[in-house]
Amino acid sequence: LIGLALTPLEDVQRFGCVAGSWEGDMSVLNITLFKEKPTTDYAEEHLKVGGLPPDTYLSVFGIYVITPQVAAILADMKKEHKISNGELQLTDALESFRQKEGLKGYLIAGAKKDIGVPQVYAGLWK
């Protein structure tokens, strides 16, 4: 299970994003596709999720409840030098796991901060 956040189209290239179908009340998503930092064109073509406002997509919130199998997939990726965008990607490991076992996402009600961007920290110590 991973946490998901609503994300505007112009921000999808900054995050891992997902597509899928809702279970019931639009809080739990059966994930059918993961893509790390998709282009806006890719998102528009492959990552639309029913029931969301126009130009709104689902990105990973940064909350993960995963099994040790994901760590094993990451270790195999490292051995095989399966690198995306110059990095070993957790998103790629989760996509591999999803293809074998299935994966769900939970839509988090809260504010998401990209902690990889120094400007996010500017307002924290005022």
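FYI, side chains are in, hydrogens and waters are out, and symmetry mates aren't considered; it's all heavy atoms of this structure.
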How far does CG of Asp55 sit from CD of Glu10, to the nearest 0.5 angstrom? 7.5 Å

ILVMFWY cluster, Leu9 and Leu29 together (side-chain gap under 4.5 Å): no

When rounded to the nearest 0.5 angstrom, what is the spacing between CE in Met77 and CG in Asp92? 4.5 Å

Can you give each donor-acceptor pair under 3.5 Å made by side-chain atoms of residues 40-50, sequence neighbours left out, with the distance rounded to 0.1 Å?
{"residue": "Lys48", "atom": "NZ", "partner": "Tyr57", "partner atom": "OH", "Å": "3.4"}

Evaluate the side-chain contact (heavy atoms from CB on, under 4.5 Å) criterion for residues Ile66 and Leu94: first the C-alpha distance (whole Å), next the side-chain angles of each, then the deciding distance (0.1 Å), finally the verdict. CA-CA 9 Å; Ile66 56 178; Leu94 291 171; 3.9 Å; yes

Using modelled atom types only, decide if a donor and an acceptor are shared between the side chain of Arg98 and the backbone of Thr32 within a distance under 3.5 Å. yes

For a 4.5 angstrom cut-off between non-hydrogen side-chain atoms, does Arg14 reach Lys37? no

With heavy-atom distances below 4.5 Å as the criterion, would you say the side chains of Leu58 and Leu52 are in contact? yes

Rounded to the nearest 0.5 Å, how far does CD of Gln13 lie from CD of Glu36? 11.5 Å

ILVMFWY network linking Leu33 to Trp22, side-chain heavy atoms under 4.5 angstrom: no

Once ring pair (Phe, Tyr, Trp, His ring centres under 6.0 Å) is applied, what residue pairs with a partner in residues 66-108 remain, sequence neighbours excluded? none

Stepwise, does the side-chain contact (heavy atoms from CB on, under 4.5 Å) test hold for Phe15 with Thr7? CA-CA 9 Å; Phe15 306 106; Thr7 303; 4.1 Å; yes

Let me see the working for Phe34 and Val18 under side-chain contact (heavy atoms from CB on, under 4.5 Å), right down to the final yes or no. CA-CA 5 Å; Phe34 257 102; Val18 302; 3.6 Å; yes

Roughly how far apart are Ile73 CD1 and Glu101 CD, rounded to 0.5 Å? 8.0 Å

Considering only heavy atoms from C-beta outward, does the side chain of Ile108 approach that of Ile63 to under 4.5 Å? yes

How far does NZ of Lys82 sit from OG of Ser96, to the nearest 0.5 angstrom? 7.0 Å

Within the 4.5 Å heavy-atom criterion, are Leu90 and Tyr64 side-chain neighbours or not? yes

Is it true that Leu107 and Val12 fall in one hydrophobic cluster, defined by side-chain heavy atoms closer than 4.5 Å? no

Intermediate values then yes/no, side-chain contact (heavy atoms from CB on, under 4.5 Å), Asn30 and Lys104: CA-CA 5 Å; Asn30 286 310; Lys104 296 184 188 269; 2.7 Å; yes

